[in-house]
Amino acid sequence: MKTWKTEEFTKTYGGRQVLDARSLDLSEDQIYVAIGANGSGKSTFARILAGAIATDAGRSAFHGAKPASIGYMPQRPYPFRMSMEKNLRLAADDPARAEELMEALKLTNLRQAKAHKLSGGESARMALARVLMRPFDLLILDEPCASMDMESTKLTEGALRRYRDRYHPAILLITHSIQQARRLGDEVLFFHEGHLAETGRCPATLETPQTDALKHFLEFYG
Amino acid sequence: MYTAIQKAIALILSGDRELIDILLVTARMSISSSVISLIIGVPIGLFVGAARFPGRKAFLVLNRTLMGTPPVVCGLLFYMLFSGVGPFRRLKLLFTVTIMILAQVVLIIPLVVSHMESYISDIAASVKETAMGMGLGRGKTLLLLMNECRYQICSTWLLAFARAIAEVGAVSMVGGAIAWKTNVMTTAIMQYTNRGNFTLGVALGLILMSLSLLVNILVTVVQRRISE
């Protein structure tokens, strides 16, 4: 089993440290669900791992070898001004894969629709399909279901499971839904005030949290 | 006034040779200067909008300052550089359409840069982050970014053209408003009005206003496409 080790790193914006992350092992074929309140550092952590922003030290976020390929769906993915199907095929010109994903995420009837005219939920499903077009060693998804209804969330979770079963990547999924974390997660990463406050197996960590911060968080969100 | 407009319309319909010459010189000067400004200004606007580098803010302040350059100051600068005592006198460009184009290019580039930069800086971070997340390389990301701003480029060209066609200060200084050579619509309007030939002045004014209206309609259409 391939495992990638992340470095300890910090991130500071305008003199305020927003993240102080300790080292972490990310293994293939595992889904890591990142939970925590708004501003707890989840997205910053994800963006640094994805390479979208640099750490304070400006070094790689990984200790030693980094994943050969990293896929990343940001919190607000950009819908390119072209048809939905063309958006998918930008990532990889694989018509069969595009067809499969459009079907899985109920996007087939929107293939010719302009991507920037899709509704919030449709746009999120398109963005997910787009990032699932390629096999990645590490796939990072920043709240992919934030603007989705229950039906779309179910489709998304199904598509993610199939992607994991087929390509065996390490998946880092940021979510605000504890239920989703229970359904999908193998490992929980709990962020609190810019720190990786607690980690552990899922759902055990959610059943018996060790830190007061996670206990309070689960009382509120769980 | 009414009679002048009637006569002007008759002059336009008659295909007066001098009027046609003025229109052709104007078209050459405006189209060339706006296209050259676009070729130079769009990549600069793209770069400044998409990249973050030391001195970027200072560059933007400088660019905004240049946007406010009075055309006569630009004309004066070019006059001094290319006149009989200037360093570029051997090029013999003073009182030619070429130097009018050069002066216009200097005036319009900051406008193009600013127009592109403000649009690109709004979308660049999101486009780059999304493209990177899809595993796309820099070349493809740049192409996508350019594709995203295709309507903005059209709108910028129309604005550049409108600025070029309406400019009078710089072109009159470096072009000299010489009949059958460097006289453009704006300089001709001044010239013929001073001579009391209102018919040609009004005819040119009508054409200029019609072109301005057309350009504004096109800009509105393009901007609607951008927002859709």
Side-chain angles (χ1 to χ4, degrees), chain A residues 43-44 46-54 67-83 86-94 97-98 101 113-118 123-124 126-142 144 167 169 172 174, chain B residues 42 45-47 49-58 60 115-158 218-228:
Chain A
S43 291
T44 305
R47 293 181 76 203
I48 287 174
L49 288 199
I53 52 172
S69 57
I70 301 174
Y72 169 55
M73 177 180 161
Q75 212 170 69
R76 289 183 198 85
Y78 188 88
F80 294 106
R81 297 173 76 93
M82 52 185 76
S83 75
K86 279 188 180 167
N87 262 267
L88 263 59
R89 290 176 64 176
L90 272 175
D93 197 10
D94 182 346
R97 178 73 180 142
L101 283 166
K114 295 251 167 61
H116 57 281
K117 298 241 180 162
L118 297 174
S123 188
M126 179 209 67
L128 179 76
R130 200 168 54 181
V131 81
L132 296 184
M133 282 291 291
R134 281 189 184 190
F136 291 106
D137 282 349
L138 171 61
L139 180 65
I140 301 167
L141 306 168
D142 195 348
Y167 301 115
L172 174 64
I174 296 178
Chain B
V42 166
L46 268 172
F47 177 73
R52 294 291 175 270
F53 53 90
R56 179 177 175 273
K57 283 187 178 163
L60 292 175
H115 210 236
M116 290 304 300
E117 183 275 328
S118 62
Y119 182 74
I120 293 293
S121 59
D122 278 349
I123 63 164
S126 189
V127 167
K128 284 198 288 187
E129 199 161 314
T130 301
M132 183 212 68
M134 290 159 65
L136 305 181
R138 282 187 177 186
K140 202 158 184 183
T141 303
L142 182 65
L143 287 177
L144 275 173
L145 196 56
M146 288 183 76
N147 184 58
E148 288 305 301
C149 60
R150 60 194 190 274
Y151 293 117
Q152 185 69 9
I153 292 173
C154 289
S155 148
T156 304
W157 178 72
L158 288 166
L218 288 172
V219 168
T220 308
V221 170
V222 172
Q223 283 178 340
R224 188 173 293 170
R225 289 295 299 271
I226 292 171
S227 63
E228 276 176 0

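Proteins get letters first, then strands, A, B, ... in listed order; numbering begins at 1 in each.
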**Q** What's the separation between atom OH in B:Tyr151 and atom CZ in B:Arg224, rounded to the nearest 0.5 Å?
**A** 13.5 Å

**Q** Keeping the roles fixed (side chain from B:Thr141, backbone from B:Ala131), state whether a donor-acceptor pair exists under 3.5 Å.
**A** no

**Q** Less than 4.0 Å between a side-chain N and a carboxylate O, is that true for B:Glu129 and A:Arg47?
**A** yes

**Q** Under a 4.5 Å cut-off applied to non-hydrogen side-chain atoms, are B:Cys149 and B:Met116 in contact?
**A** yes

**Q** What part of A:Asn87 gets within 4.5 angstrom of chain B, counting heavy atoms only: side chain, backbone, both, or neither?
**A** backbone

**Q** With a 4.5 Å cut-off on heavy-atom pairs, point out which of B:Ile123, B:Val127, B:Asn147 contacts chain A the most.
**A** B:Val127

**Q** Between A:Arg134 and chain B, which part of the residue has a heavy atom less than 4.5 Å away: side chain, backbone, both or neither?
**A** side chain

**Q** Give the minimum heavy-atom separation between A:Pro144 and A:Leu128, together with the two atoms involved.
**A** CB-CD1, 4.4 Å

**Q** Please look at A:Leu90 and chain B and tell me whether the side chain, the backbone, both or neither of the residue comes under 4.5 angstrom of a heavy atom of that chain.
**A** both

**Q** Can you say whether A:Met133 sits under 4.5 Å from chain B via the side chain, the backbone, both, or neither, judging by heavy atoms?
**A** neither

**Q** Chain A heavy atoms under 4.5 Å from B:Lys140: which part of the residue, side chain, backbone, both or neither?
**A** side chain

